Number of protein chains: 2
Amino acid sequence: MSEATLGAMPFRVDNCSIERTLAVVGEKWTFLVLREAFGGVRRFADMQAATGAPRQVLSARLARLVDEGLLRKVPYREPGQRRRDEYRLTEMGRDLYPIMVALMHWGDRYRSGSDGPPVLLTHRDCGAPVEQHFRCAEGHEVAGPREVTPLPGPGARPAAPAAAPDRTTGAGPDGPPPHGGDTP
Amino acid sequence: MSEATLGAMPFRVDNCSIERTLAVVGEKWTFLVLREAFGGVRRFADMQAATGAPRQVLSARLARLVDEGLLRKVPYREPGQRRRDEYRLTEMGRDLYPIMVALMHWGDRYRSGSDGPPVLLTHRDCGAPVEQHFRCAEGHEVAGPREVTPLPGPGARPAAPAAAPDRTTGAGPDGPPPHGGDTP
DNA sequence: GAGCTAAGTCTATTTGACAGACTTAGATGA
DNA sequence: TCATCTAAGTCTGTCAAATAGACTTAGCTC
């Protein structure tokens, strides 16, 4: 996380959580594997068919996700066949759900064309569409980035003495940036 | 979106919104550019310094994001210098905010180590930490994937006659898959 | 041992990232 | 007019990863 990310904050945060997450999942094939895992697909061949990933890529991604703790292997054996492993989400893996939903919703809104969304996520108990919302710990609704203030957390690190020039203050035709100076 | 994604649903959804979103943003450098854009970073050199992206990669990503409508160019001119362009988020770009927050929160939880999160997103008006929640259109809280049912939406397409084998029903040591059969 | 099936692994080719160097496009001043 | 400057690219050769297609592996069954 850059200095500029925190505007005039006297801290530099380059150990960015976003970047850490991206180091694990920040590329297409991994997301598609996770998408399938959330859908209950567990076997290599099914993953391969569903994602279209080249075998070598899929093999590498699955191994990586197991290594990082997002998936785990579970042995299975079809009658008359050898023992094999399936891949299942761990709790850590399941906690990627908000990311997957957010990706889907953005695509629904901006990339589904005149057809509309192919899948609707509905509340199991009442059938109404599911939405994502921001709320603060005090219970207030938070509408979006403009109502959010990023502050240094416990993992923040001190900045170098020379702060970067602040080039975010030019309120142009669209007003100030989403945040009063930064990151999501 | 694969058949298996919808379990026993007689529909196949391969025009997946997630995949469409990933086609635009599904790789590390693009996410990092967006992270900076949300933080108010607008200029090439600042983006480059903040993300560490090789120039050629950055240039290509910026051009792509402008082309896709997530960023737009705004001319600026420092005194004594030539006219140049900055890059700013469009509304479409800003609507990626939930994805960025979700990426951050996952990283906060699972990848920030003993230091804890470097950045805390707080509610501007009261200072309490901001959280993401699921809620249905009827106003019910939805706790996570197990309370979500994916249904075909207007953009769903009919399946091929032969449904794929259902291999998600084996309730193993961790119970059924996150969804009763599917995608986020 | 032969045949089978699913999960990989291998190989040559193509594509994209990368580091470093170089170019471009206006503004300014002599 | 030309030299200088600055920021935003673009170029080039090298390395890494994706890709398509083929091949191998590991148990089970007969």
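Being a predicted model, the structure only gives us computed values, none of them experimental. Labels below follow one simple rule: chain letters A, B, ... track the order of the sequence lines, proteins then strands, and each chain is numbered from 1. Values reported hereafter were calculated over all heavy atoms of this structure, with side chains retained and with hydrogens, waters and symmetry mates removed.
Atom CZ of B:Phe44 is separated from atom C1' of C:dT23 by 13 Å (rounded to the nearest Å). If you take CZ of B:Arg82 and P of C:dG26, they are 6 Å apart, rounded to a whole angstrom. Residue A:Tyr87 contributes atom OH, which lies 8 Å from atom P of C:dA7 at whole-angstrom precision. One interatomic measurement links the two molecules: CD of B:Gln81 to P of D:dT4, which rounds to 17 Å at whole-angstrom precision. Rounding to whole angstrom units, NZ of residue B:Lys28 and C1' of D:dA16 are separated by 13 Å. Per the geometry, CE belonging to B:Met47 stands 11 Å off P belonging to D:dG9, to the nearest Å. Spacing between atom CG of B:Asp85 and atom P of D:dA7 amounts to 15 Å, rounded to whole angstrom units. Distance CZ (A:Arg42) to P (C:dA7): 14 Å, rounded to an integer number of Å.
One hydrophobic cluster, built from ILVMFWY side chains closer than 4.5 Å, cannot hold both B:Leu65 and B:Tyr76; they sit in different ones.
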- prompt: Going through the checks in order, is the side-chain contact (heavy atoms from CB on, under 4.5 Å) test met by A:Thr149 and B:His123?
  reply: CA-CA 6 Å; A:Thr149 303; B:His123 184 198; over 6 Å; no
task: Take A:Phe44 and A:Tyr87 through the ring-ring contact (aromatic ring centres under 6.0 Å, His included) test and state the conclusion after the steps.
output: CA-CA 8 Å; A:Phe44 189 94; A:Tyr87 297 86; 7.6 Å; no
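Residues A:Val57 and A:Pro79 both approach DNA chain D. Their nearest nucleotides, taken by heavy-atom distance, put A:Val57 toward the 5′ side.
Looking at the side chain of A:Pro54, the nearest of the listed nucleotides D:dT6, D:dT19, C:dG8 is D:dT19. The listed nucleotides are D:dA8, C:dC18, D:dA18; the one nearest the side chain of B:Trp29 is C:dC18. Set against C:dT5, D:dA18, D:dA8, the side chain of B:Arg84 has D:dA8 as its closest nucleotide.
A side-chain donor from one of A:Asp95 and B:Tyr110 sits under 3.5 Å from a side-chain acceptor of the other.
Taking 4.0 angstrom as the limit, A:Arg77 places a side-chain polar atom (N or O) nearer than this to OP1 or OP2 of D:dT29. Remark: A:Tyr76 is not in phosphate contact with C:dT5, judged by side-chain N or O atoms under 4.0 Å from OP1 or OP2. Side-chain nitrogen and oxygen atoms of B:Arg55 include none within less than 4.0 Å of the OP1 or OP2 phosphate oxygen of D:dT12. Dashed line: the shortest gap from a side-chain N or O of B:Ser59 to OP1 or OP2 of D:dT10 is under 4.0 Å.
Counting non-hydrogen atoms under 4.0 angstrom, A:Gln56 reaches a base of the nucleic acid.
Residue side chain B:Arg83 does not reach the base of C:dG26 through any donor-acceptor N/O pair under 3.5 Å, judged by distance alone.
Summarising the geometry of B:Thr30 relative to B:Val24, their closest heavy-atom pair is CG2-O, 3.9 Å, with the distance given to 0.1 Å.
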